[in-house]
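Presented below is the structure to which this report refers.
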Amino acid sequence: ETIEMSHPLCFSIHEIREWLAAGPPYPLDPSRDLVYPSAGYVDSGNIKTTRDPLALPDSMMLQIFPEACSRHATLGSILRGYKNRTWLLKLQEADLVTGKYIDQVEQAVKEMIQERHPKIIFLCGTCIDQLLGTDYDSLGAKLEKRWGVRFGTAYMEPMMKDKKLPFKSKDLRALHSVIRADPDAPKKRWVNLIGRPLPPAKESELYQVLKQAGIERVLHFSEAGTVEELDDMGRACLNIGLEKRAKMACELMERKHHIPYVLLDNSFLPEEIHDNYIRIGQALGCELNDLEYGAEVKRELSELLPRLTGMKIAVGETIQARSLKAAAELAELGFQIDSVFTLTIQKEDIPFVEILCSRCPQSRVYFSGSPEILSYCAQPETFDLVLGLSDHYYAGSPMALSFSANSQYCDYYSVLSLTHRIQTELDRGKENEVPGYPTDQHNRYDQKYLRERLRAEAEQKAKDIGQSGCLKRWGVYR
């Protein structure tokens, strides 16, 4: 049965199932649209490609961008205090046509090394380099031999983000490509966590379970204070990929440093998380004890679910890599999902669509990757509970929970954190005894104020840069 929708980008879950069963071309194929830069990709200059590599110690980045691309990247770098570590080489059309930009990259690198003396330099390209076939890996290897500085390659290429080889996977590989260690040296009882800009929270049971299995250190690139500490990752005995897109980085570490790996599945389901620990235990050659943590999650869910009866719940793309997967798993736990916001729908989503059809037959799907989502943002729908959506989509909704990159789900603690956050917001609404949970509403206004203040500060800093005369003849911003 087709449900009447309030927006042309909104479809019933049954319509989506029919599309997937019939196969392409679909009545609405978001992959053929211009991709709207949604909250999952960029927020106030928060672009992972230009942010994560600079978490490495003594690192710098040369952004080889046209001017339009550089607006997002340089703003994000300034806001994070990376102004002196991010240099911009502005591309001109004539330089691209003639290939002169390669010589300019070499000159810019020379200048960076002479003035700043970095130990790691990332060459960051764009979609243009995909079209031109620029080989920054070979160029980096050539420059590394010349200067004795480590080089990695990153890309800011939004047009490739829904492809089989998304730029986020390549960026993870670039981050770990600058690790140097003797592959034949004896391995330590250490474990690397790969796949996210931050490791799981320190309260996570993952660390305790690994410690009980005899693991002495758990390493993540963001916690390395020196290049030598970063190189310690090359001496670990196992790489744990915290999500599927860590596979390229794990394969690189296995090839270069002879470190085996195991990939985990992001999941809300205690059974799936238990399977993650089984795979880790098999890789370590022992049995991990995680049952008590799974039982605690189940107890928490049994207390929470009755309080959510009758609530209108929406799920968005920042809650997990695939919002349909997250929505289907929440539905299996007992959440009544009303709407799902997703960038695309793929063949891999068929089982999740089937689960939603069975457990939440009235659920709907919005395509947030289309430019037409802007008309929805002008008059967004009201939900009782919103999980992982940009605030543009839920203005007027009483309770909305955002998610950071390290609060996605491969451990029990992450699920407990979600249930506790929901319980806390429900309790606050009950204490105020005002329908609509006004306390959370005020929090969202506070967030809007902070966002506006951040934008004003960024604009002022951009003016300061324009007045400082720091544009050099190579087009390099410092």
Side-chain angles (χ1 to χ4, degrees), residues 10-14 16-17 39-40 243-244 264-276 293-343 345-346 348-366 368 381-390 393-394 397-426 440:
C10 184
F11 299 88
S12 74
I13 195 66
H14 297 282
I16 300 299
R17 179 172 63 178
E243 53 189 36
K244 296 297 185 183
L264 307 186
D265 287 323
N266 289 340
S267 181
F268 291 93
L269 302 175
E271 297 79 9
E272 294 286 341
I273 299 173
H274 177 61
D275 289 342
N276 285 340
Y293 304 105
E296 184 180 0
V297 169
K298 293 177 181 178
R299 287 195 300 270
E300 289 285 339
L301 286 169
S302 66
E303 296 177 4
L304 171 64
L305 290 173
R307 305 186 67 182
L308 300 180
T309 302
M311 294 188 72
K312 189 176 179 181
I313 302 174
V315 176
E317 67 261 21
T318 66
I319 196 171
Q320 242 185 9
R322 301 296 301 167
S323 52
L324 279 165
K325 179 179 185 293
E329 291 179 345
L330 289 171
E332 288 191 85
L333 292 175
F335 288 65
Q336 287 300 308
I337 307 300
D338 178 84
S339 297
V340 183
F341 289 74
T342 184
L343 291 170
I345 289 184
Q346 303 172 358
E348 292 77 9
D349 292 320
I350 291 178
F352 312 131
V353 171
E354 292 291 345
I355 291 171
L356 289 171
C357 283
S358 173
R359 295 182 175 269
C360 304
Q362 300 302 310
S363 60
R364 303 164 295 171
V365 176
Y366 283 94
S368 56
E381 194 170 352
T382 299
F383 302 101
D384 297 311
L385 174 62
V386 176
L387 303 174
L389 273 182
S390 166
Y393 304 157
Y394 60 71
S397 298
M399 185 163 57
L401 304 181
S402 61
F403 293 85
S404 60
N406 63 322
S407 62
Q408 298 176 4
Y409 303 92
C410 64
D411 58 353
Y412 296 112
Y413 176 79
S414 296
V415 184
L416 284 174
S417 177
L418 171 65
T419 60
H420 290 165
R421 290 176 67 188
I422 296 176
Q423 292 272 29
T424 298
E425 293 301 324
L426 290 171
D440 191 78

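Remember, predicted model here, so these are calculated numbers, not experimental data.
A donor-acceptor pair under 3.5 Å links the side-chain atoms of D411 to the main chain of S414, judged by distance alone. Proximity of a side-chain donor or acceptor of S417 to a complementary backbone N or O of Y413 within less than 3.5 Å is not detected. A donor-acceptor pair under 3.5 Å is formed between the side chain of S323 and the backbone N or O of F341. Side-chain atoms of E300 do not come within 3.5 Å of backbone N or O of L416 as any donor-acceptor pair.
Screening K244, R322, K325 against D265 for a salt bridge (Lys or Arg N to Asp or Glu O under 4.0 Å) leaves a single residue, K244.
Rounded to the nearest 0.5 angstrom, I337 CD1 and C360 SG are separated by 5.5 Å. Between atom CG of residue L264 and atom CD of residue E243 there is a gap of 10.0 Å, rounded to the nearest 0.5 Å. How far OG of S267 is from CG of L333: 8.0 Å, rounded to the nearest 0.5 Å. With rounding to the nearest 0.5 Å, the separation of CG in N266 from CG in N276 is 8.5 Å. Between atom CG of residue L301 and atom CZ of residue R299 there is a gap of 11.0 Å, rounded to the nearest 0.5 Å. A distance of 14.0 Å separates CD in E425 from NE2 in H420, rounded to the nearest 0.5 Å.
Between V297 and P270, the shortest heavy-atom contact is CG1-CG, 3.9 Å. Closest non-hydrogen pair, S339 versus E381, comes out as OG-OE1, 4.4 Å. For the residue pair P361 and S358, the shortest heavy atom distance occurs at CD-O, 4.1 Å. The two atoms that bring A328 and I355 nearest to each other are O-CG2, 3.6 Å, heavy atoms only. Between R307 and Q423, the shortest heavy-atom distance links the atoms NH1-OE1, 2.6 Å. A pairwise comparison of heavy atoms in E329 and L269 identifies O-CD2, 3.6 Å as the closest pair.
I313 places none of its side-chain heavy atoms less than 4.5 Å from the side chain of L330. The shortest distance between side-chain heavy atoms of E332 and E272 does not fall below 4.5 Å. Considering only heavy atoms from C-beta on, L418 comes within 4.5 Å of F268 through its side chain. M311 is not listed as a side-chain neighbour of Q336, based on a closest heavy-atom distance of 4.5 Å or more. Side-chain contact check for D349 versus I16: every heavy-atom pair is 4.5 Å or farther apart. Using a 4.5 Å heavy-atom cutoff, the side chains of D338 and D384 are not in contact. Annotation: side chain of F335 is in contact with side chain of L304 (closest heavy-atom distance under 4.5 Å).
Scored by the salt bridge (Lys or Arg N to Asp or Glu O under 4.0 Å) test, K298 finds no partners at all (sequence neighbours excluded).
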